[in-house]
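Residue numbers start from 1 in every chain, and the chains themselves are labelled A, B, ... in the order their sequence lines are given, proteins ahead of strands. Predicted model only: the values in this text are computed from it and were never measured.
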Amino acid sequence: MGQPPSNRQIAALLRRIGNILDILGENRFKVMAYRRAADNIESLPQDLADYWREGRLREVPGIGEALAGKLDELLRTGRMSYLERLEQQVPSGVVEMLEIPEVGPRTARLVWEKLGITSIQELETAAKAGRLRQLPGMGAKTEARILAGIQALARRSHRTPIGEARPVAMALLAGLQEAIPALERAMVAGSLRRWKETIGDIDLLVAARDSEPVMEAFVHLPDVAEVLLRGDTKTSIRTRDGLQVDLRVVPPERWGTALQYFTGSQAHNIALRERALKLGFSLSEYALKREDGQELLCAAEEEVYEALGLPWIPPELREDRGEIEAAAEGRLPRLIETADLQGELHAHSTWSDGTASIEEMAEAARARGYRYLVITDHSQSLGVTGGLSVDQLREQRAEIERLNRRWTDFRLLQGAEVEILADGALDYPDEVLAELDCVVASIHSGLRQNREQITARALAAIRNPHVDILGHPSGRLLGHREASDIDLEAVLQAAAEAGTALEVNAHPARLDLDDVHVRRAMELGVPIAINCDAHSPGDFDLIVYGVATARRGWATPDRVLNALSLDQLERWLHTHGKGG
DNA sequence: GCCGTTTTCGGCCCGACTGTTTTCAGTCG
């Protein structure tokens with residue numbers, strides 16, 4: 001039997017069931033149940049197949065008796081007969097239509113039944129020929145919206161990495177503030193405020209008495225390519241590079257409820273509203289409403305949570321992954337903050353593929369208030385990066401020692417980003433690694449090896465007593481390269497045993513470990529290092545992305561290596577993995 | 001479909017915007 005399906009594949013199957021049921025007009029709560037289960041499975045840190053093997057499927061939120069039975073069949077046989085039956089009832093092209101913005105289950109079913117349309121291609125042809133407007137409840141405008149939706153889908157079907165979306169959002173906010181200097185408050189909300197690794201669309205929130213001038217200024221910002229909809233409280237535009245941006249304007253006295261609502265996530269909000277109902281409130285973006293209709297306004301977000309008997313919950317945690325329960329029980333973690341960080345453990349210089357000298361990198365780190373910086377240039381086998389030979393490594397040591405005489409409040413350490421070779425050996429011999437202060441071991445080649453091979457490489461590195469940190473463990477590049485097939489659960493278990501740290505690479509194209517595996521690292525007691533993998537002084541600014549990812553994984557400062565003081569760090573580097 | 005500090009049955013978040021509507025359906029978040 002082949003490999004069990006991944007969580008993502010299973011989630012996709014359940015979403016497919018949900019979509020087909022939706023088109024067939026099934027009970028919407030049943031549809032939602034499939035989608036909710038899919039979301040929950042996708043955010044599990046371990047393979048669902050592991051839960052299944054241990055008979056713990058029902059422990060996953062959203063999996064009840066019926067779904068457990070279907071998943072059991074899938075994991076036993078590789079098939080799900082229920083889905084196969086459903087697929088015979090609706091052509092796959094009709095299901096695909098749900099991907100089109102503006103097209104939902106009703107529309108998909110309508111064009112299928114009335115016009116016999118069974119693909120996005122046919123839908124486009126029919127729309128262009130003006131045949132959709134003949135359908136009941138449809139007109140020329142709807143037809144045009146659908147056509148625009150099909151084109152938008154072709155232009156941008158994927159989510160945008162946060163590193164691309166965030167600067168766009170900041171520029172739009174700055175543009176608004178410039179156009180309306182008297183703007184009371186303006187903030188990013190939505191998945192961007194939660195620091196999700198990819199962003200579907202950008203949500204902006206503004207407090208103002210009069211929304212009209214704000215909306216007017218917004219649609220005339222230079223980056224706006226198209227106005228999708230325009231109302232009193234909500235306006236949506238598409239930017240020139242295809243990002244959708246929603247702007248909402250609320251009166252200042254309702255800022256708290258509005259910010260809470262527009263920050264999401266949807267799952268968090270639903271859970272919060274259910275809690276509100278139990279307490280006799282109805283919660284919306286405008287107010288908490290009592291059963292007698294009386295409104296309780298919240299100008300600050302804290303007031304919303306307080307009214308529901310909860311402490312304020314950091315946006316990074318708002319995914320309905322247990323944060324509401326933890327808040328209710330006073331168990332919210334004290335999350336790591338950028339200000340906790342004392343140094344950087346992964347930085348390159350001109351000795352390999354960095355753009356700045358060791359001295360420039362050190363001064364930049366020191367200027368940020370860091371107390372230490374580990375220089376980790378590439379090892380010899382990575383030719384394209386100018387990896388260092390053993391001799392060069394020793395020359396570099398002299399340079400670092402010379403520079404260190406300069407400061408009393410700051411220290412350079414010598415490390416290396418040593419390549420984990422295709423056969424699992426490290427790119428420097430042990431006696432060379434032993435001379436280094438801090439060793440980051442990473443995989444840059446052979447990323448397409450099968451699961452056993454690539455996992456074995458990582459495990460060998462983790463168990464080498466000279467290796468302190470496993471760099472960017474999954475090897476993914478958001479939007480460019482999928483994660484390798486590495487078994488991260490095995491990696492985390494081995495790291496817990498060996499006392500080796502795992503990196504949370506802060507580069508917004510990596511964010512690797514990701515949030516759910518950081519969470520698992522916290523459960524297992526695995527230390528993490530939040531690293532910029534800096535190749536220039538400017539890269540130190542990327543730390544915010546890494547800290548946010550760690551926070552999304554419930555990371556606390558006591559588990560973060562570079563939150564240690566220099567003394568503590570040196571002690572840790574000296575003793576870990578050596579039985580000390 | 002799931003789920004339970006009232007419920008193993010009867011609930012299941014709440015509202016904006018648009019278009020084609022004489023009062024609402026569909027989509028979205």
| Atom P, compared across dT6(B) and dC17(B): separation rounded to whole Å | 37 Å
| field | Euclidean distance, atom CZ of residue Phe262(A) to atom C1' of dC17(B) [Å, nearest integer] | value | 12 Å
| message | Taking dC28(B) as the reference, what is the distance to dT22(B) when you measure between their P atoms (whole Å, please)? | response | 23 Å
| query | Is Leu272(A) touching bases, backbone alone, or none of the nucleic acid, heavy atoms closer than 4.0 Å? | reply | nothing
| query | More 5' along DNA chain B: Pro136(A) or Leu21(A), using each one's nearest nucleotide? | reply | Leu21(A)
| note | By nearest-heavy-atom nucleotide on DNA chain B, the more 5' of Lys30(A) and Thr107(A) is Lys30(A)
| message | Counting the atoms with a prime plus P, OP1 and OP2 as sugar-phosphate, which does Glu65(A) contact under 4.0 Å by heavy atoms, base, sugar-phosphate, or nothing? | response | sugar-phosphate
| Distance, rounded to the nearest Å, where Ile199(A) contributes CD1 and dG29(B) contributes P | 13 Å
| request: Give the rounded distance in Å between these two atoms: CG of Leu229(A) and C1' of dA16(B). | output: 9 Å
| said: Taking only the C1' atom of each, what is the distance from dT7(B) to dC12(B) in whole angstrom? | reply: 13 Å
| task | Output yes when a side-chain donor or acceptor of Glu73(A) lies under 3.5 Å from a complementary backbone atom of Ser81(A), and no otherwise. | result | yes
| task | Grab the NZ-P distance between Lys278(A) and dC12(B) for me, whole Å please. | result | 11 Å
| note | Separation of dG15(B) atom C1' from Gln260(A) atom CD, nearest Å, is 14 Å
| Which part of the nucleic acid does Glu102(A) contact within heavy-atom distance under 4.0 Å: base, sugar-phosphate only, or nothing? | sugar-phosphate
| task | Indicate, with a heavy-atom threshold strictly under 4.0 Å, whether Ala287(A) touches base, sugar-phosphate, or nothing. | result | nothing
| task | Remember a base hit wins even if backbone is also touched, and classify Arg36(A) as base, sugar-phosphate or nothing at under 4.0 Å, heavy atoms. | result | nothing
| query | Atom CG of Leu247(A) to atom P of dC28(B): distance rounded to whole Å? | reply | 20 Å
| Pair assignment for dT8(B), Watson-Crick or G-U wobble, requiring both distances under 3.5 Å | none
| query | Ser236(A) side chain N/O closer than 4.0 Å to the phosphate oxygens (OP1, OP2) of dC17(B)? | reply | no
| task | State which of dG29(B), dC14(B), dG1(B) makes the closest approach to the side chain of Gln266(A). | result | dG29(B)
| remark: Closest of dG15(B), dG19(B), dC13(B) to the Tyr286(A) side chain is dG15(B)
| query | Looking just at side-chain N and O atoms, do Asp246(A) and Ser236(A) make a donor-acceptor pair shorter than 3.5 Å? | reply | yes
| Between Ile162(A) and Leu511(A), is any pair of side-chain heavy atoms under 4.5 Å apart? | yes
| request: Would you mind telling me which of Trp255(A), Tyr261(A), Trp312(A) makes a side chain to side chain donor-acceptor pair (under 3.5 Å) with Glu301(A)? | output: Trp312(A)
| message | Quick check for you: among dC14(B), dG19(B), dG29(B), whose closest atom lies nearest to any side-chain atom of Arg145(A)? | response | dG19(B)
| field | Lys234(A) side chain near dA16(B) phosphate (N/O to OP1/OP2, under 4.0 Å) | value | no
| message | If you only use heavy atoms from C-beta on, which nucleotide in dG1(B), dG15(B), dC13(B) is closest to the side chain of Arg273(A)? | response | dC13(B)
| Is there a donor-acceptor contact under 3.5 Å linking the side chains of Glu319(A) and His268(A)? | no
| said: Using the C1' atom as the point on both nucleotides, what is the distance between dT20(B) and dC9(B), in whole Å? | reply: 39 Å
| said: If we count only N and O atoms by modelled type, under 3.5 Å, do the side chains of Tyr545(A) and Glu197(A) hold a donor and an acceptor together? | reply: no
| With rounding to whole Å, what would you report as the distance between dG4(B) and dG15(B) at their P atoms? | 25 Å
| Phosphate contact (dC2(B) OP1 or OP2) by Tyr34(A) side-chain N/O below 4.0 Å | no
| task | Using only side-chain N and O atoms of Thr142(A), determine if any of them is under 4.0 Å from OP1 or OP2 of dT18(B). | result | no
| task | For Leu98(A), answer base if it contacts any base atom (sugar-phosphate contacts may also be present), sugar-phosphate if it contacts only those atoms, and nothing otherwise; contact means non-hydrogen atoms under 4.0 Å. | result | nothing
| said: When the C1' atoms of dC3(B) and dT8(B) are compared, how many Å lie between them, rounded to an integer? | reply: 9 Å
| query | Which part of the nucleic acid, if any, lies within contact of Arg28(A), taking any heavy atom under 4.0 Å across all strands shown: a base, the sugar-phosphate backbone alone, or nothing? | reply | nothing
| field | Donor-acceptor pair present, Tyr261(A) side chain and dG29(B) base, under 3.5 Å | value | yes
| Starting at CG of Asn19(A) and ending at P of dC28(B), how long is that distance when rounded to a whole Å? | 11 Å
| query | Contact class for Met32(A) (heavy atom, under 4.0 Å): base, sugar-phosphate, or nothing? | reply | nothing
| Between Arg76(A) and Trp52(A), is NZ or CZ placed under 6.0 angstrom from the six-membered ring centre and within 45° of the ring axis? | no
| message | If I pick the C1' atom on dT23(B) and the same atom on dT18(B), what distance separates them, to the nearest angstrom? | response | 15 Å
| said: Does the Lys NZ or Arg CZ of Arg254(A) fall within the cation-pi geometry relative to Tyr286(A) - under 6.0 Å from the ring centre and within 45° of the axis? | reply: no
| query | Which value, in whole Å, describes the distance between the P atoms of nucleotides dG26(B) and dT21(B)? | reply | 13 Å
| query | In whole angstrom, what separates Lys141(A)'s NZ from dG19(B)'s C1'? | reply | 8 Å
| query | Does a side-chain N or O from Thr233(A) land closer than 4.0 Å to OP1 or OP2 of dG15(B), or not? | reply | no
| message | Does dG1(B) have its OP1 or OP2 closer than 4.0 Å to a side-chain nitrogen or oxygen of Lys70(A)? | response | yes
| task | Select base, sugar-phosphate, or nothing to describe what Phe281(A) touches, counting heavy atoms under 4.0 Å on all strands. | result | nothing
